[in-house]
Amino acid sequence: MRDAEARRLWAANLLRAAAVPLTAVVPAFFMDGFTVLGTHLAWLCVCVLCVGTLNVGLCLVLKPSLPPKRSSVANKISRFLKCCIYFFMSCILFHAIIVLYGAPLIESVTETFLFAVLLSTFTTLQCLCMLGPNIQAWIRVFSKNGATSIWENSLQITTTCSILGAWFGAFPIPLDWDRPWQ
């Protein structure tokens, strides 16, 4: 059983890792003049849509978490609306954190917010797909030694690495403001 779960997790992470490079290559076939650097806002939108759709699709197909005890239509709608609210709140929170770390507040608001949405897609959406809008489960999983399954352990690692990767990718930017390409 554990071996089968590890293979399913490996396949899911391989698909997630392949999604980002594919979003840089595939849209060029459908959009005239598409480049990652030239049309970076379009690329961010395509990346968010592809990764978000892939995360939700993998959650529905692989079912890494147990279904909730109550499965009425009203409960499903309530959980879906809570997930949407949590995702939007995480986008706003990441946007505020990015601005507090030095991103321009007014000049590049679209780029900053799309980056916040991308970061939320890699972190919060995956948590919402696996854990749902259950705050106690989130606290349990992200506390020390709180992950009880291989999926929750992967969730810890992916979320932490996404946030650290965003920070490590951005902290050297102020070092080169005198360069013309900055």
Side-chain angles (χ1 to χ4, degrees), residues 1-20 23 44-45 47-103 112-171:
M1 176 69 178
R2 185 117 170 125
D3 217 20
E5 288 293 315
R7 279 195 300 272
R8 288 174 50 200
L9 178 64
W10 184 82
N13 285 333
L14 187 65
L15 282 172
R16 285 185 187 113
V20 176
T23 60
L44 279 173
C45 291
C47 191
V48 165
L49 287 173
C50 290
V51 171
T53 304
L54 182 68
N55 277 338
V56 172
L58 285 173
C59 179
L60 292 174
V61 171
L62 297 178
K63 295 182 180 20
S65 61
L66 295 173
K69 292 178 180 92
R70 295 178 288 170
S71 61
S72 67
V73 174
N75 187 41
K76 287 180 181 179
I77 291 172
S78 172
R79 286 176 53 89
F80 177 74
L81 290 176
K82 282 182 185 177
C83 288
C84 290
I85 290 170
Y86 287 177
F87 183 77
F88 181 70
M89 287 173 38
S90 75
C91 292
I92 298 298
L93 179 69
F94 279 131
H95 182 80
I97 291 170
I98 292 165
V99 168
L100 289 174
Y101 271 108
T112 305
F113 189 72
L114 282 176
F115 177 63
V117 172
L118 182 66
L119 197 54
S120 292
T121 303
F122 280 116
T123 57
T124 309
L125 184 64
Q126 208 169 0
C127 293
L128 288 170
C129 286
M130 287 186 56
L131 303 174
N134 184 357
I135 299 298
Q136 286 80 22
W138 287 43
I139 292 170
R140 179 187 54 79
V141 167
F142 289 106
S143 65
K144 186 176 182 180
N145 300 327
T148 58
S149 71
I150 191 170
W151 290 95
E152 291 176 355
N153 193 19
S154 172
L155 186 65
Q156 277 182 335
I157 293 168
T158 305
T159 302
T160 305
C161 289
S162 295
I163 293 171
L164 288 176
W167 187 80
F168 280 124
F171 88 89

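- Here the side chains of Phe122 and Thr159 are not in contact, with every heavy-atom distance at 4.5 Å or above.
- A pairwise comparison of heavy atoms in Cys59 and Cys129 identifies SG-O, 2.9 Å as the closest pair.
- Here the NE2-CG distance, from His95 to Leu119, works out to 13.0 Å after rounding to the nearest 0.5 Å.
- With values rounded to the nearest 0.5 angstrom, Trp151 atom CH2 is found 7.5 Å from Ser154 atom OG.
- By the 4.5 Å heavy-atom criterion applied to side chains, Arg16 and Thr158 are not counted as neighbours.
- When every heavy atom of Ala116 is checked against every heavy atom of Cys91, the shortest pair comes out as CB-O, 3.5 Å.
- Contact of the Thr124 side chain with the Met89 side chain is not registered, since no non-hydrogen atoms from C-beta on lie closer than 4.5 Å.
- Closest approach of Thr23 and Val20 over heavy atoms only: OG1-O, 2.5 Å.
- Residue Phe115 holds its CZ atom at 9.0 Å from CG of Leu44, rounded to the nearest 0.5 Å.
- Residues Leu54 and Leu15 meet the side-chain proximity criterion, which asks for heavy atoms closer than 4.5 Å.
- A donor-acceptor pair is defined here as one N or O able to donate and one able to accept, closer than 3.5 Å; such a pair exists between the side chain of Thr53 and the backbone of Leu49.
- Minimum interatomic distance between Ser143 and Gln156 (heavy atoms only, all atoms of both residues): O-NE2, 3.6 Å.
- The line from CD of Gln126 to CG of Leu128 is 10.5 Å long, rounded to the nearest 0.5 Å.
- Here CD1 of Ile85 is found 10.5 Å from CZ of Phe80. Values are rounded to the nearest 0.5 Å.
- Nearest approach of Thr121 to Asn55, heavy atoms of both residues: O-ND2, 3.4 Å.
- Here Phe94 pairs with nothing under the ring pair (Phe, Tyr, Trp, His ring centres under 6.0 Å) rule; sequence neighbours left out.
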- Task: Verify side chain to side chain contact (heavy atoms under 4.5 Å, CB included) between Thr112 and Val99, making sure each step is shown before the conclusion.
- Result: CA-CA 8 Å; Thr112 305; Val99 168; 4.1 Å; yes
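- Here the shortest heavy-atom pairing between Gly52 and Leu125 reads CA-CD2, 3.5 Å.
- Cys127 is listed as a side-chain neighbour of Phe142, based on a closest heavy-atom distance under 4.5 Å.
- Taking CD1 of Ile150 as the start and CZ of Arg7 as the end, the distance is 11.0 Å to the nearest 0.5 Å.
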